[in-house]
Amino acid sequence: MKPAEEYIFNQSEPFRSILMHLQVLIEHTLPSAELKYKWKLPCYYIGKRPICYINKSKDYVDVGFWHAAYLPKEFDEYLVSEKRKIVKSLRYKSLEEIDDQVLIAILKEVFLHKDKSFFK
């Protein structure tokens with residue numbers, strides 16, 4: 001088992017189920033994304049460019065997007081910054097909280113801009 005998959009598998013419930021659901025959504029939406037293990041976290045890359053990471057943190061799962069400031073303002077109501085300058089994230093405490101359509105829309109937007117300089 002790869003380290004990123006092992007990280008997901010070793011989480012307690014409900015976090016393992018949340019992470020697995022997010023993994024399926026990300027890989028289905030961005031089939032060219034590769035799951036790697038960086039900074040002790042599962043991270044998705046397209047080529048050499050980071051797209052997002054998934055992380056069990058405290059009592060929630062974080063889906064973090066680097067350079068989220070470049071995402072359209074329509075996503076601001078869903079994204080949490082918590083005084084972070086670059087990274088914003090979606091946070092989930094249960095499977096029921098996941099809005100697949102919002103995550104998919106953000107992933108597609110990130111993919112559209114993957115070649116811009118802020119992803120290098």
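Computed from a predicted structure; not experimentally measured. Atom set for the values below is all heavy atoms of this structure, side chains included, hydrogens, waters and symmetry mates excluded.
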Participant: So F65 and I106, do their side chains get closer than 4.5 Å, heavy atoms only?
Facilitator: yes
Participant: The test is side-chain contact (heavy atoms from CB on, under 4.5 Å); show your working for D100 and H21 and say whether it passes.
Facilitator: CA-CA 9 Å; D100 292 359; H21 183 78; 3.0 Å; yes
Participant: Tell me whether L95 shares a hydrophobic cluster with L22, the cluster being built from Ile, Leu, Val, Met, Phe, Trp, Tyr side chains joined at under 4.5 Å.
Facilitator: yes
Participant: Mind listing the closest non-hydrogen atom pair of K36 and G47 along with its distance?
Facilitator: NZ-O, 4.1 Å
Participant: How close do L90 and V102 get, heavy atom to heavy atom, and via which atoms?
Facilitator: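 Minimum heavy-atom contact is CD2-CG1, 4.5 Å.
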Participant: Which atom pair, heavy atoms only, marks the closest approach of F15 to V61?
Facilitator: CD2-CG2, 3.9 Å
Participant: Using atom types as modelled and distance alone, determine if a side-chain donor or acceptor of K56 lies under 3.5 Å from a backbone N or O of K58.
Facilitator: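 Checking the backbone N and O of K58 against the side chain of K56, a donor-acceptor pair under 3.5 Å is found.
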Participant: Can you find a heavy atom in the side chain of S89 that is under 4.5 Å from one in the side chain of R84?
Facilitator: yes
Participant: State the OG-OH distance between S94 and Y60, to the nearest 0.5 angstrom.
Facilitator: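 Result: 15.0 Å between the selected atoms.
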Participant: Run L103 and D99 through side-chain contact (heavy atoms from CB on, under 4.5 Å) and show every step you take.
Facilitator: CA-CA 7 Å; L103 175 59; D99 185 331; over 6 Å; no
Participant: Any link between F9 and L19 through a network of hydrophobic side chains (Ile, Leu, Val, Met, Phe, Trp, Tyr) touching at under 4.5 Å?
Facilitator: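 Cluster IDs for F9 and L19 differ.
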Participant: Can you name the closest pair of heavy atoms from P42 and I8 and give their distance?
Facilitator: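 Closest approach of P42 to I8: CG-CG1, 4.2 Å.
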Participant: Return yes if some donor-acceptor pair links the side-chain N/O of R49 with the main-chain N/O of I46 below 3.5 Å, else return no.
Facilitator: no
Participant: For a side-chain contact (heavy atoms from CB on, under 4.5 Å) check, start with the C-alpha distance between V110 and L30, then their side-chain angles and the critical distance, and finish with the verdict.
Facilitator: CA-CA 10 Å; V110 168; L30 302 175; 5.9 Å; no
Participant: Side chain of E5, backbone of M1: donor and acceptor closer than 3.5 Å?
Facilitator: no
Participant: For the atom pair CD1 (I98) and OG (S17), what is the distance rounded to the nearest 0.5 Å?
Facilitator: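 Between atom CD1 of I98 and atom OG of S17 there are 9.5 Å.
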Participant: Would F75 and K88 count as a side-chain contact (heavy atoms from CB on, under 4.5 Å) if you check the C-alpha gap in whole Å, the side-chain angles of each, and the deciding distance to 0.1 Å?
Facilitator: CA-CA 10 Å; F75 298 118; K88 291 185 182 180; over 6 Å; no
Participant: How long is the straight-line distance from OG of S81 back to CG of D76, given to the nearest 0.5 Å?
Facilitator: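 Those atoms lie 9.0 Å apart.
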Participant: Mind checking whether P14 and Y92 have side chains closer than 4.5 Å, heavy atoms only?
Facilitator: no
Participant: So, for L35 and A4, which heavy atoms are closest and what is the spacing to 0.1 Å?
Facilitator: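 Of all heavy-atom pairs spanning L35 and A4, the closest is CG-CB, 3.6 Å.
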Participant: Report the distance from atom OG1 of T29 to atom OH of Y44, rounding to the nearest 0.5 Å.
Facilitator: 10.5 Å
Participant: Can D62 and S57 be counted as having a side-chain donor-acceptor contact under 3.5 angstrom?
Facilitator: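 Looking only at side-chain atoms, S57 and D62 do not form any donor-acceptor pair under 3.5 Å.
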Participant: Rounded to the nearest 0.5 Å, what separation is found between the CD atom of E27 and the CD atom of E34?
Facilitator: 10.5 Å
Participant: I need the K38 NZ to Y45 OH distance, nearest 0.5 Å.
Facilitator: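 Nearest 0.5 Å value for the NZ-OH distance: 5.0 Å.
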Participant: Side-chain contact test, heavy atoms from C-beta onward, threshold under 4.5 Å: evaluate it for Y7 versus I54 and give yes or no.
Facilitator: no
Participant: Any idea which heavy atoms bring C43 and Y53 closest together, and the distance?
Facilitator: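 That closest heavy-atom pairing would be SG-CB, 3.8 Å.
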Participant: For the residue pair E74 and E109, establish whether any side-chain heavy-atom pair is separated by less than 4.5 Å.
Facilitator: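 The answer is no; the side chains never approach within 4.5 Å.
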Participant: For Q101, is the CD atom crowded, meaning more than 12 foreign heavy atoms sit under 6.0 Å from it?
Facilitator: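 Counting neighbours around CD of Q101, 12 or fewer heavy atoms of other residues, nucleotides or ligands fall under 6.0 Å, so no.
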Participant: If two hydrophobic side chains count as joined below 4.5 Å and joins carry through other members, does L107 share a cluster with V80?
Facilitator: no
